[in-house]
Student: 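Pasting a structure here, questions to come.
Computed from heavy atoms alone, side chains included, the values below leave out hydrogens, waters and symmetry copies.
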Amino acid sequence: MKKRVARLMALSMAAAMTASLAGCGGDSGSGSGSGNDGGSKDSGGASGGDKEIVYWNIGTESPDKDVITKAVEKFNSETDSGYTVTSIPTQNDTYKEKLVVAMSSGECPDMYSCWSGGPMYEYIDSGFGQPIDDLFNASDIKDKLMESAVGQATYNGKIYAVPYQNVSMSGIFYNKEMFDKYKLEEPKTLKELEKICDTLKENDITPFALANSSKWTGSMYYMNLAARYGGLEPFQNAVAGEGKFTDECFIKAGEKIQEWVEAGYFPDGVNSLSEDDGQAKQLMYQETAGMLLCGSWYTGTFATDSAEFYEKIGWFPFPAIEESDADASIMIGTVGDQFLVFNCEGEKLEAAFECAEAHLSDEVIDFEVENGKIPPVLGIEEKLTDSITKEVVEAANNASEIQLWYDQYLPPAVATAHLDGLQEVFGLTKTPQEAQEAMQKAMDEYLANKAE
């Protein structure tokens with residue numbers, strides 16, 4: 001009981017921090033796609049009635065909204081369970097706060113979508129996730145999902161979640177017409193990337209479209225730079241308490257970001273721009289920015305927003321750093337991206353799991369592929385026709401290792417310290433050394449509390 005109360009208190013503190021951030025310049029806007037399709041509604045209690053399964057997710061915009069709607073409609077129209085799933089979508093950053101607030105109040109929806117890693121483990125430890133090994137092993141999806149995706153759904157030797165949406169790798173999207181105009185080629189090294197940035201700057205084009213009020217968007221740059229400078233061992237050692245987040249590769253990553261800020265590689269007021277409001281992608285659409293570093297889910301975003309504009313888009317993985325011996329095949333991302341976790345038991349759990357299976361049905365998988373998504377299922381490359389999604393899967397298949405996003409992998413308090421400090425690094429209000437010392441302090445406190 002003491003552990004459960006402690007976990008709930010930790011979740012409550014995380015919620016308070018998130019709410020504070022949202023009130024201080026972070027976006028907490030409402031989802032533009034929170035319509036009433038597919039049995040979805042905009043608000044409602046966390047737990048459904050006897051025959052209702054409440055399903056929280058972040059599918060507020062296409063194509064995510066359309067994929068979830070299709071899966072929920074399939075379940076509701078075909079199930080013999082007697083249950084109905086009600087989908088309640090909430091915009092990304094607001095969702096994280098909403099989920100933690102509900103749990104800290106001792107409530108939770110019957111099933112919910114979340115990211116793998118530290119936060120998901122906290123939800124499970126707090127009692128808001130049920131093991132599904134028996135259901136999973138008796139299901140066809142056992143032989144359909146990628147092994148690495150199932151690995152990210154596993155905690156303490158038990159399966160707690162169903163990965164259903166997107167092999168998401170970070171990489172750099174770019175405007176091919178713009179590159180052709182200025183005789184630019186996809187870079188293989190960081191110096192070549194910086195030459196591209198300088199050429200774009202000389203022609204009054206912002207090199208990178210970045211909206212960093214959400215903070216995790218800026219972390220994309222940091223994670224890739226740290227991996228290219230030092231590989232993954234420094235990060236793994238720091239998490240295990242055998243190393244420090246003040247290692248040279250982390251400091252160098254922060255210094256490079258500040259160098260790029262001072263060189264004008266990012267938009268003015270980058271820390272006040274909102275990813276949830278689409279301010280980064282708008283810079284690409286307006287062609288006032290030439291590149292955008294983010295997760296490969298942007299293939300679906302670009303293609304859905306404008307098929308015509310998507311024809312202009314190319315993609316390449318983050319380039320190698322010349323003076324580093326780190327393996328440049330390492331990718332930052334996730335095999336699954338969204339994971340369904342269950343907070344119900346008995347017949348309701350069986351029905352909720354059936355809805356999760358619908359997310360991985362052949363027709364929903366084909367629909368995802370048509371909309372630029374890369375479901376984490378075996379042989380998915382054979383279904384892909386889009387050139388960029390093929391490149392993403394190839395990079396993932398060729399990667400020696402795939403590092404899960406820091407803010408998902410790390411314990412929530414450490415992730416918060418990372419994101420807060422890094423935003424200040426982008427704002428030039430904190431040095432990389434100061435930011436990393438704060439992150440290490442949070443890690444030390446977490447490890448000390450864990451040991452007690």
Student: Between E424 and T429, do the side chains contain an N or O donor and an N or O acceptor separated by less than 3.5 Å?
Tutor: yes

Student: Keeping S139 on the side-chain end and F136 on the backbone end, is there a donor-acceptor pair under 3.5 Å?
Tutor: no

Student: Sub-3.5 Å donor-acceptor pair from the side chain of N175 to the main-chain atoms of G290, do we have one?
Tutor: no

Student: If you count the non-hydrogen atoms of other residues, nucleotides and ligands that lie under 6.0 Å from CD in Q286, is the total more than 12?
Tutor: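 Atom CD in Q286 is packed in, count exceeds 12.
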
Student: For residues M169 and I374, determine if any side-chain heavy atom of one lies less than 4.5 Å from a side-chain heavy atom of the other.
Tutor: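 Contact flag for M169/I374 side chains = no.
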
Student: Before we go on, tell me: are the rings of Y123 and Y160 under 6.0 Å apart, centre to centre?
Tutor: no

Student: Crowded around D268 CG? As in, over 12 foreign heavy atoms under 6.0 Å?
Tutor: no

Student: Listed by chain and number, what are the salt bridge (charged side-chain N to carboxylate O under 4.0 Å, His left out) partners of E363, not counting sequence neighbours?
Tutor: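 Listed in chain order: K74.
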
Student: Judged by modelled atom types alone, do T416 and D420 share a side-chain donor-acceptor pair under 3.5 Å?
Tutor: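 Side chains of T416 and D420: no pair found under 3.5 Å.
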
Student: Just do the side chain to side chain contact (heavy atoms under 4.5 Å, CB included) check on V392 and W297 with the steps written out, would you?
Tutor: CA-CA 10 Å; V392 171; W297 59 80; over 6 Å; no

Student: Using a 3.5 Å distance criterion without hydrogens, assess whether the side chain of Q258 forms a donor-acceptor pair with backbone atoms of V425.
Tutor: yes

Student: Is the backbone of E394 close enough, under 3.5 Å, to the side chain of N398 for a donor and an acceptor to pair up by distance?
Tutor: yes

Student: Mind listing the closest non-hydrogen atom pair of S296 and V167 along with its distance?
Tutor: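 Smallest heavy-atom distance, with atoms named: OG-O, 3.2 Å.
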
Student: Is it the case that the ring center of H418 lies less than 6.0 angstrom away from the ring center of Y222?
Tutor: yes

Student: Compare every heavy atom of G372 with every heavy atom of T389, then report the nearest pair and how far apart it is.
Tutor: CG2-O, 3.7 Å

Student: So, E322 and T189: side-chain donor and acceptor under 3.5 Å apart, yes or no?
Tutor: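 Side-chain D/A pair, E322 to T189: present.
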
Student: Under 3.5 Å, side chain of K348 to main-chain N/O of E52, donor-acceptor pair present?
Tutor: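 A pair under 3.5 Å: yes.
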
Student: Between K144 and D362, does any side-chain N to carboxylate O distance fall below 4.0 Å?
Tutor: yes

Student: Between W315 and S170, what is the shortest heavy-atom contact and its length?
Tutor: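 It is CZ2-O, 4.0 Å.
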
Student: What I'd like to find out is whether the side chain of N92 reaches to under 4.5 Å of the side chain of E275, using heavy atoms alone.
Tutor: no

Student: Could you walk me through whether Y174 and E186 pass side chain to side chain contact (heavy atoms under 4.5 Å, CB included), step by step?
Tutor: CA-CA 9 Å; Y174 69 97; E186 293 184 3; 2.7 Å; yes

Student: Do other residues, nucleotides or ligands put more than 12 heavy atoms under 6.0 Å from Y409 OH?
Tutor: no

Student: Hey, are the side chains of K373 and D64 touching, using non-hydrogen atoms and a 4.5 Å cut-off?
Tutor: yes

Student: What do you reckon, is CG of N397 surrounded by more than 12 foreign heavy atoms closer than 6.0 Å?
Tutor: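 Above 12, so yes.
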
Student: For side chain to side chain contact (heavy atoms under 4.5 Å, CB included), just list the numbers for L384 and V369, CA-CA rounded to whole Å, side-chain angles, deciding distance to a tenth of an Å, and then say yes or no.
Tutor: CA-CA 7 Å; L384 301 176; V369 171; 4.0 Å; yes

Student: Would you call the rings of W260 and Y265 parallel, tilted or perpendicular if under 30° counts as parallel and over 60° as perpendicular?
Tutor: tilted

Student: Angle class for the Y155/Y121 ring planes (parallel below 30°, perpendicular above 60°, tilted otherwise)?
Tutor: parallel

Student: Measure from the ring center of Y112 to the ring center of F128 and say whether it is less than 6.0 Å.
Tutor: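 No.
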
Student: Do I196 and P207 make a side-chain contact, defined as non-hydrogen atoms from C-beta onward lying under 4.5 Å apart?
Tutor: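 Side chain of I196 against side chain of P207, heavy atoms only: no contact under 4.5 Å found.
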
Student: Strictly by modelled atom types, are N57 and S87 linked by a side-chain donor-acceptor pair under 3.5 Å?
Tutor: yes

Student: Check the pair Y298 / I388 against side chain to side chain contact (heavy atoms under 4.5 Å, CB included), numbers first and verdict last.
Tutor: CA-CA 10 Å; Y298 250 99; I388 292 180; over 6 Å; no

Student: Establish, yes or no, whether a centroid distance under 6.0 Å links the rings of Y83 and F75.
Tutor: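 No, the ring of Y83 stays outside the 6.0 Å limit from the ring of F75, centre to centre.
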
Student: Considering only heavy atoms from C-beta outward, does the side chain of L273 approach that of T217 to under 4.5 Å?
Tutor: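 Side-chain contact under 4.5 Å: no.
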
Student: Out of the candidates V85, T86, D110, I88, only one should pair with Y55 under the side chain to side chain contact (heavy atoms under 4.5 Å, CB included) rule; please name it.
Tutor: V85

Student: Considering non-hydrogen atoms only, spot the tightest contact between P187 and P319 and give its length.
Tutor: O-CB, 4.1 Å

Student: Would you say D337 and W115 make side-chain contact, with heavy atoms under 4.5 Å?
Tutor: yes

Student: Under a plain distance cut-off of 3.5 Å, with no hydrogens placed, do T334 and Q408 share a side-chain donor-acceptor pair?
Tutor: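 Absent: no donor and acceptor within the cut-off.
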
Student: When you measure from the side chain of N212 to the backbone N and O of V270, does any donor-acceptor pair fall under 3.5 Å?
Tutor: no

Student: Just wondering, do R228 and S324 contact through their side chains at under 4.5 Å, heavy atoms?
Tutor: no

Student: Taking all heavy atoms of D276 and all of Q91, pick out the closest pair and write down the distance.
Tutor: O-NE2, 3.1 Å

Student: Could you give the distance from OG1 (T199) to CZ (F179), rounded to the nearest 0.5 Å?
Tutor: 9.5 Å

Student: Restricting to non-hydrogen atoms, name the atom on A209 and the atom on A280 that form the minimum distance, rounded to 0.1 Å.
Tutor: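 Nearest pair, atom of A209 first, then A280: CB-O, 3.4 Å.
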
Student: Before giving the answer on salt bridge (charged side-chain N to carboxylate O under 4.0 Å, His left out), spell out for E259 and K256 the whole-Å C-alpha distance, their side-chain angles and the decisive distance to 0.1 Å.
Tutor: CA-CA 5 Å; E259 182 183 321; K256 180 56 71 174; 3.2 Å; yes

Student: Should K383 and E368 count as an ion pair when the cut-off is N to O under 4.0 Å?
Tutor: no

